[in-house]
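Everything on this sheet refers to the single structure shown next.
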Amino acid sequence: MRGSPQPDMNLPIYPPSVISALLREAGWTQARIAMEVGCSKASVSYAIHAGSDNKITKKISLILGIPSATLWPQRHAVQDLSSSESTQK
C-alpha cells in the first residue's frame with residue numbers, strides 16, 4: 001500500500017528518555033557505548049533519538065535485550081515501506 005504511514009506508527013513504544021533510563025539501569029552510559037562502538041557520544045545520543053545508526057542501535061539492542069524493531073518501530077516501518085516499494089518496481 002502506497003502513501004504515508006499512519007500517524008501513530010511514528011510514536012515510539014520506547015521514547016528516547018526510556019531507552020536512556022534503561023541503559024543507565026543496566027549500567028551503561030552513552031560515553032561507554034560510544035567508546036565500545038568507536039563513535040562520538042553525540043552519535044549515540046542521535047541514534048537513541050532517531051534509531052539511525054545500525055552499529056549503535058544493534059549495540060543498544062544487545063545491551064537491553066530488546067529487538068531494534070521494538071525500540072525504534074518508526075524506523076523499521078519506513079524501511080519496510082521502502083523495501084516493499086523497491087521490490088514492486
Side-chain angles (χ1 to χ4, degrees):
M1 180 176 176
R2 289 197 171 203
S4 50
Q6 297 297 318
D8 62 341
M9 289 180 70
N10 291 322
L11 296 175
I13 294 171
Y14 291 90
S17 60
V18 171
I19 295 171
S20 294
L22 290 171
L23 288 168
R24 283 191 303 276
E25 287 176 15
W28 286 79
T29 64
Q30 290 182 17
R32 181 177 172 195
I33 294 168
M35 187 172 64
E36 291 210 9
V37 173
C39 66
S40 69
K41 184 180 164 193
S43 294
V44 174
S45 177
Y46 185 74
I48 288 171
H49 283 81
S52 60
D53 183 292
N54 279 337
K55 192 162 66 168
I56 298 169
T57 56
K58 284 180 185 177
K59 181 69 173 179
I60 292 170
S61 181
L62 284 171
I63 291 167
L64 299 179
I66 302 171
S68 183
T70 301
L71 292 169
W72 297 280
Q74 73 282 12
R75 175 178 178 232
H76 292 275
V78 171
Q79 285 180 340
D80 292 345
L81 181 62
S82 296
S83 296
S84 66
E85 285 179 355
S86 65
T87 57
Q88 292 176 357
K89 291 181 181 178

Report summary line: Hits for side chain to side chain contact (heavy atoms under 4.5 Å, CB included) against Ala21, two or more places apart or cross-chain, chain-then-number order -> Arg24
Query raised in the report: With sequence neighbours excluded, what pairs up with Ser43 under the side chain to side chain donor-acceptor pair (under 3.5 Å) test?
Result: Ser40
**Report entry** Heavy-atom pair of closest approach, residues Gln30 and Ser20
**Finding:** NE2-OG, 3.8 Å
Query raised in the report: Any donor and acceptor pair, going by atom type alone, linking the side chain of Ser61 with main-chain N or O of Thr57 inside 3.5 Å?
Result: no
Query - Between CD1 on residue Ile63 and CD1 on residue Ile19, distance to nearest 0.5 Å - result: 11.5 Å
**Report entry** Flag side-chain contact, heavy atom, 4.5 Å: Ile56 against Cys39
**Finding:** yes
Query raised in the report: Taking a hydrophobic cluster as the set of Ile, Leu, Val, Met, Phe, Trp and Tyr residues connected by side-chain heavy atoms closer than 4.5 Å, whether directly or through intermediates, do Trp28 and Trp72 fall within one such cluster?
Result: yes
Requested in this report: Compare all side-chain heavy atoms of Val37 with those of Val44 and state whether any distance is below 4.5 angstrom.
Outcome: no
**Report entry** Reference residue Tyr14; test side-chain contact (heavy atoms from CB on, under 4.5 Å); the match among Ile48, Leu64, Leu22
**Finding:** Leu22
Report summary line: Heavy-atom closest pair (Gly27 atom, Arg32 atom, distance to 0.1 Å) is O-NH1, 3.1 Å
Query raised in the report: Are Met35 and Ile60 linked, directly or through other ILVMFWY residues, by side chains that come within less than 4.5 angstrom of each other?
Result: no
